[in-house]
Amino acid sequence: MLVLHYASSSLTGAVTDVSAVDVERNSISILIREEPPQLDSSRATDAISGMVLGHVMEGLVRMGMDGRLEGAVAKDWEVTPTTATFWLREDAKWSDGRPVTAADFIFSWQTALKPETGSEYAFLLFAIKNAEAINTGTLPPSALGLSAPDTNTLVIDLERPVPFFDKMLVFPTFYPIREDFYAATEGRFGADADQLLYNGPFQITRWVHGSSMTFERNPHYWNLEEIHLDAIHVPFITSDATASLNFFKDRKISMTGLQAENLTEAMRMGWQIRQHRDGTVFYIDFNFRDDRATDNLNLRRAIQAALDMEEMVYKVTKLPGYEPGVSLFPGWLMGEKDLLRREYPPTKISPNASSAQAYLQAAMQELGLDEPPDLVLLSGDNPISSVQSEWVQQSLKTTLGISIKIDKQIFKQRLAKMTAGDFDMVLAGWGPDYNDPLTFGDLYASWNKNNRGEYNSPELDALIDTAQNQLEPAARMRAFGDIQQHLIENAVLLPMYERGVTYVVDPRIKQLKRRVIGPDPDWSRAYIDAGSE
Amino acid sequence: MLRYFAKRIVLGLVTIWFIASATFFGMHAVPGDPLAGDKAMTAQIRANLEAKYGLDQPLGTQYLIYLGNIAQGDFGISYTQENRRVNDIIREHFPISATLGILAIVFAGLGGVLWGALTALYRNRWPDVVIMFLVILGISVPSFVVAAISQWSLVGANLAAGTTILPIGGWGTVWHMLVPALVLGLSTMAYLTRLMRSSMLEVVSTDYIRTAKAKGLPATQIFSRHQLRNAILPVVTVLGPAIAGITTGGFVVEIVFAIPGLGRYFVQAIQQLDYTVIMGTTVFYGAFLVFMVILVDLVYGLIDPRVRVEK
């Protein structure tokens, strides 16, 4: 009996341990959707790994709280058309107290490029001299265009001028890795909490796979002044949105996303509902292969004129925070001085049934058809894609008499079919890799592997070439404006919406940063204000 | 006896080989590309990845390499969690599923015998009607609904109490296991209740019960000594496969209650076409099921002397 009593009391202690905000211990608890698949920064590609790595690692530069690029391990830098030079701060340290040096970046980037690493994002490094040749195995990693005149200076030789090179460096692929530590992990680098060396504001002190993680303040971080929390706990890992909401209600986690059906309840609870546009654009892609009807411009224009994206966003999906799509370039991208969207507003195509009909007649004549063609719409298998594809099917049937066959596939199979060109139209989306319009701008280049409909236009290729190589900002942005105009005029894609997320945060937490580029959500600078409940 | 079990074990190994081969070829026949991600890869990066996973070899060679590795107990490295070995995934997460499963079986077994005996005892009276109605509910309501409702109710209870009566999810202590185990065992409990009920009713009309009554034994003694003991045998028979079923079928419960069990990996691997994890978990679960069936045969022979193996 005594034993039982003892056991139950010690267990009870563990149960109440988790709380959304622990003022006494200066810590918070959060939930993540899935186990971070990859904490080896040279190989990480997904958002969850990026979010975790963003709290425990630091690159040369980072996105500041004001959304601007700021120095991190580098205190200063200079980018010219041929080289980039970074001066590292002396007080940047690893979690074992040793300094972060230029050699750690050189080793990390060489590792990402080695063919046997199999890094999917190695292409981000291709701006550096010889990078691509190393990735194909024709040159040894030591040939990479990097040098360290002293331990705190990193000089990068560029393969070609990249106007936004410094902005790319916020991506995890560019984080440093220390060679001796990497070698000592014997192929298990990043597999466990003790198989990683940290140089960011926090370090992972506990990681039970699939279950929980703890990030504690890294005492060796150079900028501890900005770091207020002592610990961030991740007591739950689950993809179930309802469970997440329940954990929030139970005051076990400090933030949860909201679904459309939870909004009324959230308002009744008096929660302060927040919105964040996550930077991703969703659109309908066409297949431009010669045997496809969608290769015909008038047919695409007919579909463009028939679909009312505002109706889809506001009346069909009705998801909070979503905005009807008007361009491949989302609204948050910066142009030369102001938002790109203000500097180069996209031409608005208003839905118009009669002009859609006229385009369809012209298309049928060109294609030699008596009836409107039947088309295959490839779609994902999630509820949102299902509703959207049915809406497209219905709209095109009523306005144009086009019959759509919906081909619903799981993620991997949809990608395989897109790559094989087995579709007429497909619901697709694109999220940014770096903070420059080019991350969207080169999608329809004839050489881009993500151009799965194989759109091929010398005119567009020339514009993209300008956007890639022109160093003068005004001329570059003009090229993006022209790309946007080309895509709309030729109905190369039909932007559907920009995605938003709706969420609630424990009111005691301040300075939580949501971002489009870089780790999101970013809790690293957050603090607890106990008085503001 | 020994020879019989040696034969069973050899047959079991053949079954596992068959499972492994069928899974291997079935998996490769499923359309979709395990290496595909949101962003397209350059031909070189793709070739590097294919070489890393041995996908550049012909299918026959891949199969032989894979069989050789399995024979040595090595399931390879996960495609989605690139620096975790599948062996580690099974080793770390199966015990959690197993713990939860055993607790669920205990709930299901105790509950099933108790409710089943009660319904038989009160046949066609109100306890029977009420319990059988709940049994039908337990069998027909899918576990994701039960899981969601019970979690939602727990949140309400905790809010009303102003403190944590029971955690609504996560893993770590016995308290975390109670509700998920109940939810997981519910449909098995319902099934066992029905089985126990019909088995009890069959026993009631047997001669030895009539004899016992005629001898003038008290009703409680008839119930516990004669009726229950004889009626419980069919329940024991189905428990074996039920244990295997429950310890492997906890995917939904694991997602809702944020439990790091193997069931999640088993299902998600298929969605993500994570070849090595699909192979590892399927072969592991297959072997586990084969083992449980052999074990039940063995136990059954011990419990019931009528079951004898011919030499």
Side-chain angles (χ1 to χ4, degrees), chain A residues 7-8 11-12 14-16 18 31 34-35 37-40 43 45 115-123 132 135-137 187-191 195 208-212 235-240 242-243 246-247 249-250 252 409-413 415-417 419 429 431 433 448-450 452, chain B residues 30-45 47-53 78 80-85 88-89 92-93 96 147-148 151-152 154-155 158-159 163-164 166-176 254-261 264-265 268 271-273:
Chain A
S8 67
L11 288 175
T12 319
V15 171
T16 47
V18 180
L31 173 145
E34 60 173 358
E35 163 100 347
Q38 182 56 273
L39 290 190
D40 171 351
R43 292 188 290 168
T45 56
E116 54 270 32
T117 305
S119 169
E120 275 179 61
Y121 272 20
F123 73 90
E132 199 161 356
N135 196 234
T136 53
R188 299 194 72 250
F189 183 70
Q195 305 288 327
V208 184
H209 287 288
S211 176
S212 58
F236 311 108
I237 300 177
T238 178
S239 55
D240 188 72
T242 313
N246 284 337
F247 285 126
K249 276 201 271 186
D250 202 36
K252 293 289 181 278
Q409 296 291 352
I410 61 162
F411 178 65
K412 296 266 179 184
Q413 174 60 356
L415 284 173
K417 283 197 149 185
T419 309
D433 289 323
N448 192 322
K449 290 262 176 200
N450 290 297
R452 290 179 166 109
Chain B
V30 167
D33 175 1
L35 296 179
D38 261 328
K39 319 238 155 162
M41 287 175 246
T42 66
Q44 185 59 45
I45 291 178
N48 294 343
L49 276 172
E50 281 183 0
K52 189 179 155 194
Y53 287 105
S78 163
T80 41
Q81 302 192 352
E82 289 170 57
N83 37 25
R84 281 187 84 194
R85 285 154 40 81
D88 290 340
I89 292 180
E92 284 168 32
H93 300 285
I96 293 169
Q151 190 181 49
W152 178 80
L154 264 185
V155 173
N158 286 349
L159 277 181
T163 175
T164 301
L166 275 179
I168 65 164
W171 191 249
T173 70
V174 174
W175 307 112
H176 288 97
E254 286 173 11
I255 289 285
V256 172
F257 291 100
I259 294 168
R264 268 209 256 185
Y265 287 83
Q268 280 166 359
Q271 290 165 348
Q272 294 162 337
L273 278 189

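Protein chains get the first letters and strands the later ones, always in sequence-line order, with residue 1 at the start of each.
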| field | Any side-chain donor near an acceptor of the partner, B:Gln151 and A:Asn246, under 3.5 Å | value | yes
| remark: Under 4.5 Å to a heavy atom of chain A? For B:Arg264 that would be side chain
| B:Tyr265, part contacting chain A, at a heavy-atom distance under 4.5 Å | side chain
| request: Could you tell me which of A:Thr136, A:Asp40, A:Thr242, A:Thr419 has the largest number of non-hydrogen atom pairs under 4.5 Å with chain B? | output: A:Thr136
| note | Max heavy-atom pairs within cutoff under 4.5 Å with chain B, candidates A:Pro115, A:Ala416, A:Gly187, A:Gly118, goes to A:Pro115
| What residue, out of B:Ile89, B:Leu49, B:Asp88, has the most heavy-atom pairs lying under 4.5 Å from chain A? | B:Leu49
| task | Could you have a look at B:Pro260, B:Gly261, B:Ala43, B:Gly170 and say which one has the most heavy-atom pairs with chain A under 4.5 angstrom? | result | B:Pro260
| Segment of A:Thr117 engaging chain B (4.5 angstrom heavy-atom cut-off) | backbone
| said: So A:Asn135 and B:Asn48, do their side chains get closer than 4.5 Å, heavy atoms only? | reply: yes
| remark: Counting heavy-atom pairs under 4.5 angstrom with chain B, the leader among A:Leu39, A:Asn448, A:Asp433 is A:Asp433
| said: Quick check on A:Ile237 against chain B: is it the side chain, the backbone, both or neither that has a heavy atom closer than 4.5 Å? | reply: both
| message | Please classify the contact of A:Glu116 with chain B as side chain, backbone, both or neither, using a heavy-atom distance under 4.5 Å. | response | backbone
| For A:Phe123, is it the side chain, the backbone, both or neither that has a heavy atom under 4.5 Å from a heavy atom of chain B? | both
| task | Evaluate side chain to side chain contact (heavy atoms under 4.5 Å, CB included) for B:Trp152 paired with A:Lys249, printing each intermediate quantity in order. | result | CA-CA 10 Å; B:Trp152 178 80; A:Lys249 276 201 271 186; 4.2 Å; yes
| query | Can you tell me if NZ on A:Lys449 sees more than 12 non-hydrogen neighbours from other groups inside 6.0 Å? | reply | no
| Where do A:Arg188 and A:Gln195 come nearest, in terms of heavy atoms and distance? | O-CB, 3.4 Å
| said: For chain A, which candidate among B:Glu50, B:Gln81, B:Arg85 shows the most heavy-atom pairs at distances under 4.5 Å? | reply: B:Gln81
| field | Options B:Pro34, B:Ala148, B:Ala51, B:Ala147, ranked by heavy-atom pairs under 4.5 Å with chain A, top entry | value | B:Pro34
| query | Residues two or more places apart in sequence or in another chain: which of them pass side chain to side chain donor-acceptor pair (under 3.5 Å) with B:Glu92? | reply | B:Arg84
| query | Are B:Ile168 and B:Asn158 close enough that some pair of their side-chain heavy atoms sits under 4.5 Å apart? | reply | yes
| Is the closest side-chain donor-acceptor distance between B:Thr164 and A:Lys252 under 3.5 Å? | yes
| Using non-hydrogen atoms only, which part of A:Ser119 is less than 4.5 Å away from chain B: side chain, backbone, both, or neither? | backbone
| query | side chain to side chain donor-acceptor pair (under 3.5 Å) with B:Thr80: which residues, sequence neighbours excluded? | reply | B:Ser78, B:Asp274
